[in-house]
Amino acid sequence: MTKLEEIRAAEARLLLSTYDRSPVLFVGGEGVHLIDEQGNRYLDLLSGIGVNALGYNHPAIVDAINRQSRALIHTSNLYYHEGQAELALRLTERTGLDRVFFANSGAEAWEGALKLARAYAGLRRSEGKTVGTKFLALEQGFHGRTFGAVSTTHKEKYRAPFAPVVPGVEFVRLNDTADLRARFSSEVCAILVEAIQGEGGVRPLTQEFLAEARALASSTGALLIADEIQAGMGRTGKWCAYQHYGILPDVTTFAKPLAGGLPLGAVLCSEEVARAIHPGMHGSTFGGGPLACAVAIAVIGAIEKEGLLANATAVGGYFQEQLRALGRRHACITEVRGKGLMVAAELDSAELAKRAAAEMFKRRILINCTSETVLRFLPPYILERAHVDAAISALDEIFTEYAAAQAGAASAGGQHHA
Ligand SMILES: *Cc1c(COP(=O)(O)O)cnc(C)c1O
């Protein structure tokens, strides 16, 4: 039995069967490459689902971990440490929001945002305003797996097995401004969006839709909450995807790339909304620990020092151009979407999408297939054009072989009937 087979068998016996893992055992990484136990290198265009912004073994992260782990790893939130205010300053300066709460993951940050919206609505009611408790979320939206987060996540299969989920959530058709207006009322305490939906297939909101959401929320004092867990922290070429729209939400959430691979989440809000929170109302044992904060500060430093926002814009733009060119040679690509290094190619067949991701894996290039027909690319921000070229030529080969196989099957079928 190989090491991989041993681990597979042990996991099959010992773990809850939540994941359908690819058959590979990674033991290391360098730059944009992962390395398996036999020393094979994989070009990673997924970066641990948008987490490893600086790739693997980046000196800024390794140094921060070394330094901080020798000093202090955990204190709890009963005491001060050096990292939280320093990181919060960097985040507030880059987002346009005023205050921060630190959590450990995306879903947990999102829970914080939902609780903040309910608490703020309660505060407004106590001040004599009319504002309800309902959330408007978007179709195809994804916000995580905890109860509040799944309740605001659209896909039925994520919610149904755990019913009843948190009540008071209604879903609005994506980019349908009329549907948004029809469902909005003073009953609503918050409109929940991803400026660019991730899991839902890399789908950007239209300018009109996000502007309408902002205007409706402002008209009653409801909150506009932007989930930037996947798109935020520089992936799209700006710190926040909403900055491409020139629209400021009242609350936003970060997680995936925030600490470059360590678990860390953050909820940010305006000074006005922060009025709703008092000591004891919300908290976390691990959230914003010294180690995760030190690494997040180092990640932000490296993104700026190495010009990675500009790199995400340039290489991401090149990626989309190359995918569009590929689409002119292969009719199976029906649309190319994205911003910066959050990129997707929509295919005309779910079977092909699944197969293409599997074929890329065989060629040691990691991508994934989301929303059935969408090939998604969330590479590290250090990606170079040559890596894009490698991915495009592999896809070219895969689509060519698939088309040939389809044509072969069709003509064999034809002969059979003749
Ligand atoms: C991944 C993701 C989450 C959930 O984050 P976890 O860390 O997996 O809990 C929430 N919102 C968005 C937009 C995400 O992409």
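As the structure lists them, so they are numbered: ligands from 1, and atoms in each ligand from 1. Small disclaimer: the values here were computed from a predicted structure and weren't measured.
Enumerated by chain and number, the residues approaching ligand 1 to less than 4.0 Å through a heavy atom are Ser105, Gly106, Ala107, Phe142, His143, Gly144, Glu194, Asp227, Ile229, Gln230, Lys256.
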Please list, one pair per line, the donor and acceptor atoms closer than 3.5 Å that link side chains of residues 324-345 to other protein atoms, with sequence neighbours excluded.
unit_1	atom_1	unit_2	atom_2	d
Arg324	NH1	Gln320	OE1	3.4
Arg324	NH2	Gln320	OE1	3.0
Arg324	NH2	Val336	O	3.0
Arg329	NH2	Asp396	OD2	3.3
His330	NE2	Asp396	OD1	2.6
Thr334	OG1	Glu346	O	3.2
Glu335	OE1	Arg337	NH1	2.8
Arg337	NE	Gly201	O	3.4
Arg337	NE	Val202	O	2.9
Arg337	NH1	Glu346	OE1	2.9
Arg337	NH2	Gly201	O	2.8
Arg337	NH2	Glu346	OE1	2.8

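Using a cut-off of 4.0 Å between Lys/Arg side-chain N and Asp/Glu carboxylate O, Arg181 and Asp176 are scored as not salt-bridged. A salt bridge links Glu11 and Arg21; the closest N-O separation between the charged side-chain nitrogens and carboxylate oxygens is under 4.0 Å. In summary, Glu127 and Arg124 do not engage in a salt bridge, as defined by a charged side-chain N under 4.0 Å from a carboxylate O.
Legend: side-chain hydrogen bond (donor to acceptor under 3.5 Å, both in side chains) pairs involving residues 253-270, not counting sequence neighbours, sorted by first then second residue: Asp227-Thr253.
Contacts of Lys115 classified as side chain to side chain donor-acceptor pair (under 3.5 Å), with partners at least two apart in sequence or in another chain: His282.
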